[in-house]
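Okay, structure first, notes after.
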Amino acid sequence: QVQLVESGGGLVQPGGSLRLSCTASGGTLERYAIAWFRQAPGKERETAFGISSSTGSFWYEDYVKGRFTISRDNAKNTIYLQMNSLKTENTGVYYCAASTLWSVCDREYDYWGQGTQVTVSP
């Protein structure tokens with residue numbers, strides 16, 4: 001079973017940028033859809049805002065289009081989330097997750113990163 005480890009979270013000012021990493025072990029990311037989720041403070045985890053499919057396509061929620069970009073480095077078994085023009089409402093714990101099926105629902109994902117805190121504040 002694949003295990004995921006996240007890194008790259010931190011504190012940034014509005015308008016700043018941050019890049020998150022999600023590295024897999026015990027499996028090859030090429031065989032999985034990889035999704036990114038956010039859990040805002042005091043709220044339940046939302047549905048996925050970005051997905052990298054096992055067939056090489058990418059999908060994003062409208063809210064993050066043009067600001068957030070997912071990329072894959074299959075040789076390193078790593079996916080990246082580049083976040084630009086960050087806003088205070090982007091604050092939360094960010095999770096990467098892997099599934100053999102494409103879905104925006106967190107219940108469909110079997111393998112999860114530990115989460116990394118992203119705080120956007122003046």
How about R72 and I34: do any of their side-chain heavy atoms sit closer than 4.5 Å?
yes

Is a side-chain N or O of Q82 found less than 3.5 angstrom from the main chain of R19, in a donor-acceptor match?
no

Rounded to the nearest 0.5 Å, what separates atom CE in M83 from atom OG in S17?
9.0 Å

How far does OG of S52 sit from CG of L81, to the nearest 0.5 angstrom?
11.0 Å

Between Q114 (side chain) and V5 (backbone), is there a donor-acceptor pair under 3.5 Å?
no

Quick one about T23 and T78 (side-chain donor to acceptor, distance below 3.5 Å, no hydrogens or angles considered), yes or no?
yes

For the student: nearest non-hydrogen atoms of L18 and G10, plus distance:
CD2-N, 3.8 Å

From S99 atom OG to D106 atom CG, the distance as rounded to the nearest 0.5 Å:
11.0 Å

Quick one about R67 and S85 (side-chain donor to acceptor, distance below 3.5 Å, no hydrogens or angles considered), yes or no?
no

Assess R107 against W112: is NZ or CZ under 6.0 Å from the centre of the six-membered ring, and within 45 degrees of the ring's axis?
no

Got E61 and T47 here, is their nearest side-chain heavy-atom distance under 4.5 Å?
yes

Give a yes or no answer on whether the side chain of N77 reaches the backbone of G27 with a donor-acceptor pair at less than 3.5 Å.
yes

Reported OG-to-CZ distance for the pair S54 and R31, which is rounded to 0.5 angstrom:
11.0 Å

Decide whether a cation-pi geometry holds between K65 and F49; the criteria are a distance under 6.0 Å from NZ or CZ to the six-membered ring centre and an angle within 45° of the ring axis.
no

May I ask whether Y60 and Y32 are part of the same hydrophobic cluster, defined by side-chain heavy atoms of I, L, V, M, F, W, Y residues being less than 4.5 angstrom apart, directly or through others?
yes

Note: A35 and A48 closest approach over all heavy atoms is CB-CB, 4.0 Å

For N90 and R38, does a side-chain donor sit closer than 3.5 Å to a side-chain acceptor?
no

Short question: side chain of T116, backbone of Y94 - any donor-acceptor pair under 3.5 Å?
no

Would you confirm whether Y109, through its side chain, and S103, through its main-chain N or O, come within 3.5 Å as a donor-acceptor pair?
yes

What I'd like to find out is whether the side chain of V118 reaches to under 4.5 Å of the side chain of L20, using heavy atoms alone.
yes

Determine, step by step, whether R45 and Y95 satisfy the side-chain contact (heavy atoms from CB on, under 4.5 Å) criterion, reporting the C-alpha distance in whole Å, the side-chain angles of both residues, the deciding distance to 0.1 Å, and the verdict.
CA-CA 9 Å; R45 185 164 55 221; Y95 298 89; 4.0 Å; yes

Find the distance between OG (S53) and CG (L101) and round it off to the nearest 0.5 Å.
12.5 Å

Can you tell if the side chain of Y80 reaches within under 4.5 Å of the side chain of I70, non-hydrogen atoms only?
no

For T119 and Q117, which I'm curious about, is there any donor-acceptor pair between the side chains at under 3.5 Å?
yes

Tell me if the aromatic rings of Y63 and F68 count as close, with their centers under 6.0 Å from one another.
no

Min side-chain heavy-atom separation T69-F58 under 4.5 Å
no

Close side-chain approach of T91 and P41, heavy atoms under 4.5 Å:
yes

Look at the side chain of E46 and the backbone N and O of F37, then say whether any donor-acceptor pair between them is shorter than 3.5 Å.
no

Please examine the side chains of I51 and W36, heavy atoms only from C-beta on, and report whether any two atoms are closer than 4.5 Å.
no

For the student: nearest non-hydrogen atoms of A98 and V2, plus distance:
CB-CG1, 4.3 Å

Do L29 and L4 make a side-chain contact, defined as non-hydrogen atoms from C-beta onward lying under 4.5 Å apart?
yes

